[in-house]
Each structure stands twice: as C-alpha cells, then as structure tokens.
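Since the model is a prediction, treat every value here as computed from it, not as a measurement. Chain naming here is simple, since letters A, B, ... match the order of the sequence lines and numbering starts at 1 in each.
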Amino acid sequence: MEVRNDVVIRGTDRCDLAEAVEGGEFLSVRRHGKRLFLRLSGGGWLTWHFGMTGRPAWTDGAEERFTRALFVFPRGSLAFVDPRMLGRLGLASSPERYIESKGMGPDALEISRGEFVDAFLEARGPIKAALMDQRRVAGVGNLYADEMLFQCRLDPRAGARSLSERDLECLHRAMRRVLRRSIEAGADLDRLPPTYLLRCRGRGAACPRCGSALRTETVGGRTSYFCADCL
DNA sequence: TTTCATGTTCAGCA
DNA sequence: GTGCTGAACATGAA
C-alpha cells in the first residue's frame, strides 16, 4: 500500500494500516450508509469513506491525478482518488463496531417503514436536516434529500414535527425509490428519469414538474433546491 | 478574481 | 440535551 497524502488516513496509524493490508487480500465488501468496508484476509476490515469527491479507481497504467492512496496488486492498482481529500481510509475490527462507534443509524435501504416512521416522529428541526442526519438514517446526502422531498411534495424547511405519518411513509417509499434508481443509473444524473429534480440543479433551473423557477435556500447548512409552486 | 460545492466533524453559542 | 453557525479540509468549476 502506498499513501500519497497522509490526510486521508488521519485517525489511523500509517504502520498499522500497511501491516493490516500488505501481503493480504480483500475477501469481501460491505456497505452501510455512505461507508464501504473491505474484509481483510489478515483479520479486521478496511473502512473507506469517500467524502464529497472521493472514488475508487482501478488502473493498470498511469496513475490518476489526485490519487491519495494506492493498493498495489501484482497486475494493476486500486486507487483512492479524492481531489478535495475529504475522504478517509481506516481500520475497524468489524463494520458493526465501526457503525456503533460513529453512532450511525440503520442503512437507508434496510430500515423498515415502521422503524423509519418511529425515528422521524421524534425528530426536531427541519425535515431535510433530519433526513441528512446520519445518526437517524445512514446514506442520504444533500442532493438525494432534495429529490425525496420533491417527490413527496414536502417543503425541506418544514419542521419534522409537522409531518404526518402519511408524509413519513411517502418519504420512506421515495427514499428507497430514489436510491434504487440512482444505483441502477450508476449515480449518473443524466441517466435518471427527466422528472427528477436531481438533474435540474444549477443555473436558472426550472421545476421538471410544473416549469416554475426552482428556489434555493440553505437548510441544515446545505443548499436546497425546491419548487415552491409544487408544495 | 471570487464564490460555491455530492460530506463530516468539531468548537462555540443560544 | 438540542440545534444552529462557522470553520476546516484542498481543489475545480462557474
């Protein structure tokens, strides 16, 4: 293993990391929320957090720009490419312990409708902030939260307490639908249905449903797009 | 040249 | 304890 920038392994000891990885194999992969876990043949798991701009990249030729760490195999390498270096690599004894230590909630695609409703009935603050809170449900980020709320015609600024059980059930369905579709599309926004708000972020955006100009506002510390006419 | 950004975490404050 | 704000991280795109 070659570490190009120590920032991406901060919180981990460089030697421990190298020792845990080198000479071994990745036996299996798991995901929880936005985290990836690779089981190491020497025991334990490699944890992988992508931040906003991180991604894995296989290469058997020239090294990609912004490669922050590299797992070198006999033929080719697996690179951790991350321009902004907001991602992290680390070690954990198991995904469960890692999830527990981070206080992460159930994965967005695994949480049942009942659990979801219960978790949000006691939420405070704007619904969008609650949806992005990884302690409640793990896996929903800024863009996807906007999409889910849009599909349910819910105002991102609305207090979580103001939502009915029916609203929350809609949100649970939308969460599953949006994430599934996005995974199918390989997270390529252009391959999503034209009715998706996700594709409309940016300059002078119009609502894909009614054509009105989309509004932007900061909610939960992040830029939110929504259509005031569709609420 | 300036501003903003797909995420997380933490300090400081109300 | 809860929630909000701003900062930090380092870079590219608009």
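Neither side chain, A/T67 nor A/E64, offers a donor N or O lying under 3.5 Å from an acceptor on the other. Looking only at atom types and distance, the side chain of A/R215 has no donor-acceptor partner in the side chain of A/Y225 under 3.5 Å away.
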- Message: One pair to check against salt bridge (charged side-chain N to carboxylate O under 4.0 Å, His left out): A/D82 and A/R55. What are the steps and the verdict?
- Response: CA-CA 6 Å; A/D82 186 4; A/R55 63 186 171 84; over 6 Å; no
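Atom CZ of A/R135 sits in a sparse spot, with 12 or fewer heavy atoms from other residues, nucleotides or ligands closer than 6.0 Å.
At a threshold of 4.0 angstrom between heavy atoms, the contacts of A/F66 are confined to the sugar-phosphate backbone, with no base atom among them. No contact: A/R55 has no heavy atom under 4.0 Å from any strand.
B/dT3 and C/dA7 have their P atoms separated by 13 Å, given to the nearest Å. Taking atom P on both C/dT5 and B/dC4, the two are 15 Å apart, rounded to the nearest angstrom. The same atom, P, is picked in C/dA14 and in B/dT6; the two are 14 Å apart, to the nearest Å.
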- Scan nucleotides 6-12 of chain B nucleotide by nucleotide, 5' to 3', and note B when protein non-hydrogen atoms come under 4.0 Å of the base, S if they reach only the sugar-phosphate, - if neither. SBBS---
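In summary, the aromatic rings of A/F37 and A/W48 are positioned with their centroids too far apart to meet the 6.0 Å limit. Centroid-to-centroid, the aromatic rings of A/F26 and A/W45 stay 6.0 Å apart or farther.
Put simply, CD on A/E217 is 13 Å from P on C/dC4, counting in whole angstrom units. Between A/R157 atom CZ and C/dC4 atom P there is a gap of 14 Å when expressed in whole angstrom units. The nearest whole Å value for the distance from the CG atom in A/D82 to the P atom in C/dT11 is 10 Å. Between A/F80 atom CZ and C/dA10 atom P the separation is 13 Å, expressed in whole Å.
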- Query: Which dot-bracket string fits DNA chain C when only Watson-Crick or G-U wobble pairs with both atom distances under 3.5 Å count, crossing pairs get [ ], and | stands for a partner on a different strand?
  - Reply: .||||||||.||||
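With rounding to the nearest 0.5 Å, the separation of CZ in A/R180 from CZ in A/R176 is 4.5 Å.
Side-chain N or O atoms of A/E147 include one that pairs as donor or acceptor with a backbone N or O of A/L197 at under 3.5 Å.
Cation-pi geometry between A/R209 and A/F150 is met: the NZ or CZ atom falls under 6.0 Å from the ring centre, inside 45° of the normal.
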